[in-house]
Amino acid sequence: EVQLVESGGGLVQPGGSLRLSCAASEFTFSIHAMSWVRQAPGKGLEWVSGITSSGSTTYVDSVKGRATISRDNAKNTLYLQMNVLKPEDTAVYFCAKHLTNSIAAGMDFWGKGTLVIVSS
């Protein structure tokens with residue numbers, strides 16, 4: 001079955017950086033758009049960033065300039081580099097697969113998430 005396993009979360013101070021990874025398997029990773037979605041404590045789901053198979057990217061306004069989504073198709077791995085982290089970035093970050101190579105398409109599989117806590 002499709003598997004998405006996030007890693008790289010942890011506790012970081014405001015202004016710090018973190019790189020999240022998502023190891024994908026059991027589907028053709030290289031032809032699907034992928035996204036990162038997060039859920040802050042007590043909040044709903046918030047789409048953060050998406051990337052197509054060829055590397056076209058898009059971001060939610062709140063992370064523009066601070067986050068960089070990337071992928072290594074040869075390694076079936078998705079990444080999210082986050083810099084200048086803020087307390088409001090605290091959330092469980094999920095890796096998600098899109099139905100097609102469009103970021104606008106629905107997401108049909110999600111990982112279990114990795115927790116990021118930004119606090120001093």
Side-chain angles (χ1 to χ4, degrees):
E1 70 281 5
V2 170
Q3 284 197 292
L4 299 170
V5 182
E6 302 94 337
S7 62
L11 176 64
V12 61
Q13 294 186 322
S17 298
L18 215 55
R19 187 179 77 159
L20 307 182
S21 297
C22 170
S25 61
E26 304 301 320
F27 73 100
T28 311
F29 178 81
S30 62
I31 63 169
H32 288 88
M34 300 291 294
S35 281
W36 287 98
V37 181
R38 66 187 180 186
Q39 185 169 37
K43 303 291 186 178
L45 295 168
E46 178 188 34
W47 175 86
V48 177
S49 182
I51 185 169
T52 66
S53 63
S54 61
S56 294
T57 62
T58 186
Y59 304 86
V60 68
D61 287 345
S62 61
V63 307
K64 286 181 179 177
R66 300 189 298 120
T68 301
I69 188 171
S70 62
R71 65 193 295 159
D72 186 334
N73 288 335
K75 295 182 178 180
N76 286 170
T77 303
L78 176 72
Y79 304 97
L80 182 67
Q81 175 70 44
M82 297 193 71
N83 303 320
V84 197
L85 285 160
K86 304 175 180 180
E88 53 261 45
D89 291 318
T90 295
V92 173
Y93 285 72
F94 300 94
C95 169
K97 167 189 173 291
H98 289 269
L99 286 164
T100 69
N101 195 34
S102 173
I103 296 169
M107 292 170 277
D108 58 353
F109 289 94
W110 299 55
K112 293 181 179 179
T114 186
L115 178 63
V116 172
I117 298 176
V118 184
S119 176
S120 59

Using modelled atom types only, decide if a donor and an acceptor are shared between the side chain of Ser53 and the backbone of Ala33 within a distance under 3.5 Å.
no
CG (Asn76) and CG (Leu4) are apart, to the nearest 0.5 Å, by 10.5 Å
Give a yes or no on whether the backbone of Val2 and the side-chain of Glu26 come within a donor-acceptor separation of less than 3.5 Å.
no
How close do Arg71 and Asn73 get, heavy atom to heavy atom, and via which atoms?
NE-OD1, 2.8 Å
Say whether Ser17 and Asn83, considering side chains only, have a donor N or O and an acceptor N or O under 3.5 Å apart.
yes
Checking Ile31 against Asn101 for the side chain to side chain contact (heavy atoms under 4.5 Å, CB included) test, could you report, in this order, the C-alpha distance in whole Å, the side-chain angles of both residues, the deciding distance, and whether it holds?
CA-CA 6 Å; Ile31 63 169; Asn101 195 34; 6.0 Å; no
Rounded to the nearest 0.5 Å, the CG atom of Leu85 sits from the OG atom of Ser119 at a distance of 12.0 Å
Would Ile117 and Val12 count as a side chain to side chain contact (heavy atoms under 4.5 Å, CB included) here? Give the steps.
CA-CA 6 Å; Ile117 298 176; Val12 61; over 6 Å; no
Joint cluster assignment, Leu18 & Tyr79, ILVMFWY side-chain distance < 4.5 Å
no
Verify side chain to side chain contact (heavy atoms under 4.5 Å, CB included) between Glu46 and Ser62, making sure each step is shown before the conclusion.
CA-CA 11 Å; Glu46 178 188 34; Ser62 61; 4.0 Å; yes
salt_bridge(Asp61, Lys64) N-O dist < 4.0 Å:
yes
Does Arg38 make a cation-pi contact with Phe94 (under 6.0 Å, within 45 degrees of the axis)?
no
Atom of Val84, atom of Asp89 and distance for their closest heavy-atom approach:
O-OD2, 4.4 Å
Could you report the tightest heavy-atom contact between Phe29 and Ala24, atom names first, then the distance?
CD1-CB, 3.5 Å
Heavy atoms only: give me the nearest Met107-Ala96 pair and the separation to one decimal.
SD-CB, 3.6 Å
Test item: His98 and Ser35 side chains (from C-beta on) under 4.5 Å apart, heavy atoms:
yes
Out of curiosity, does Val5 fall in the hydrophobic cluster containing Leu80 (side-chain heavy atoms, cut-off under 4.5 Å, transitive links)?
no
Supply the atom-to-atom distance Ile69 CD1 to Thr58 OG1, rounded to the nearest 0.5 angstrom.
9.5 Å
Rounded distance (nearest 0.5 Å) linking atom SG of Cys22 with atom CD of Glu6
5.5 Å
Where the side chain of Thr114 meets the backbone of Ser7, is there a donor-acceptor pair that is under 3.5 Å apart?
no
Expected output: side-chain His32 to main-chain Thr100 donor-acceptor under 3.5 Å
no
Least distance between heavy atoms, Gly9 atom then Leu20 atom
N-CD2, 3.7 Å
Is there a side chain to side chain contact (heavy atoms under 4.5 Å, CB included) between Ser70 and Gln81? Walk through the geometry before answering.
CA-CA 8 Å; Ser70 62; Gln81 175 70 44; over 6 Å; no
Separation of Trp47 CH2 from Trp36 CH2 (nearest 0.5 Å):
13.5 Å
Quick check against the 3.5 Å criterion: does Tyr93 have a side-chain atom that pairs as donor or acceptor with the backbone of Val48?
no
Side-chain heavy atoms under 4.5 angstrom apart, residues restricted to Ile, Leu, Val, Met, Phe, Trp, Tyr: same cluster for Trp110 and Leu99?
no
How about Asp72 and Thr77: does a side-chain donor come under 3.5 Å of a side-chain acceptor?
no
Correct closest heavy-atom pair for Lys97 and Met34 would be CA-SD, 3.7 Å
